[in-house]
Amino acid sequence: MKKLEGIGIGLRTPFASELLTTPRQVDWLEIIPENWMFYGGKKRRLLRELSERFTLVPHSVSLNVGGLDPLDARFLDGLAALTQELDAPLFSDHVCFASTGGRPLHELLPLPFTEEAADVVGRRAKQAAQHVGRPLVLENATFYAHMPVADGEGRMDEAGFMRACLERGDATLLLDVNNVYVNSKNHGFDARAFIDALPLEKVSYLHLAGHTKQDEVIIDTHIGPIIDDVWALYRYTLSRFGRLVPTLIEWDQDIPPLDQVLDEVDRARAEAKSVLGGLP
């Protein structure tokens, strides 16, 4: 099985073919499996060619690990086949709900931070990992409002909720540093204290991304470049680990030429080196 290490980028169609020949260093790719797993022909050949050069990690948006509908067996079958074909070391999705009544919502919506919701996430995470046959990594998502919790249900804070989901799901964490920053600004908490409260021993990899400020709210748009405050939080996060945790640059809207995305990879490598010393 392939290893996940170094600094990578999200695979996006505008520069997918160019990645086959770029001389610049990029260590791995994250793919949105919904855009690839039910396609054949030229598109699937391109994916196989990329998998010969890079470790590819599926990062889906449709698992609906916090939902109440049964997990989508067809989706999980496709994900299992894709991870096997790519020899992917793991797959990931978000702690959220993404569909209801059998209908996709096209949004990653927040869960109530309660014991009951953590039980749901944990149970479904185990089911998904068993079906796909690879470890599942759960991401802390951005959210713009707290889900209501009835009296007596025992609200947790977000960090405590994430810990509970990971423990009950036998899952590891995709720590999205940008999401921590966005949520900290929108909801008024200390981003570094939040990271300190997470089970860092369970982190499999990190996300970095840009965002957009609209009036008094920060929106997680994944439009780059990454701002200095997020780079500072990344440096703090790496200092807590004392090593380079596999890191992924996301740039999903207003996608620039590949070289501009790879400039962010170079910046991440430089930021990591400033904290950790020499890197390969």
* Contacts of F15 that satisfy ring-ring contact (aromatic ring centres under 6.0 Å, His included) - sequence neighbours left out -> none
* Asked: Any salt bridge (charged side-chain N to carboxylate O under 4.0 Å, His left out) pairs touching residues 10-19, not counting sequence neighbours?
  -> R12-D252
* Check ion pair R168-E115 (N to O, under 4.0 angstrom) -> yes
* Asked: Any cation-pi pair here, R74 with F38, using under 6.0 Å and within 45°?
  -> yes
* Does K202 pair with E167 as a salt bridge, N-O distance under 4.0 Å? -> no
* Please walk me through it: do D220 and N178 pass side chain to side chain donor-acceptor pair (under 3.5 Å)? -> CA-CA 8 Å; D220 181 30; N178 179 67; 3.1 Å; yes
* Asked: Going by an N to O cut-off under 4.0 Å, is there a salt bridge joining R269 and D27?
  -> yes
* Asked: Can you tell me if E139 and N179 form a side-chain donor-acceptor pair at under 3.5 Å?
  -> yes
* Is any side-chain N of the basic residue among K185 and D229 closer than 4.0 Å to the acidic one's carboxylate O? -> no
* Is the shortest side-chain N to carboxylate O distance from R48 to E52 below 4.0 Å? -> no
* What is the distance from atom CZ of F54 to atom CD of E49, rounded to the nearest 0.5 Å? -> 12.0 Å
* **Salt bridge flag under 4.0 Å for residues R235 and D228** => no
* **Non-hydrogen side-chain atoms of H211 and I219 separated by less than 4.5 Å** => no
* Structure fact -> Between the CG atom in N64 and the SG atom in C96, the distance rounded to the nearest 0.5 Å is 7.0 Å
* Asked: Do D196 and Y236 meet the criterion of a side-chain donor-acceptor pair at a distance under 3.5 Å?
  -> yes
* Heavy-atom count around L68 CG within 6.0 Å, excluding the residue itself: above 12? -> no
* Go through the steps for E34 and S62 under the test side chain to side chain donor-acceptor pair (under 3.5 Å), then give the verdict. => CA-CA 8 Å; E34 290 89 337; S62 305; 2.7 Å; yes
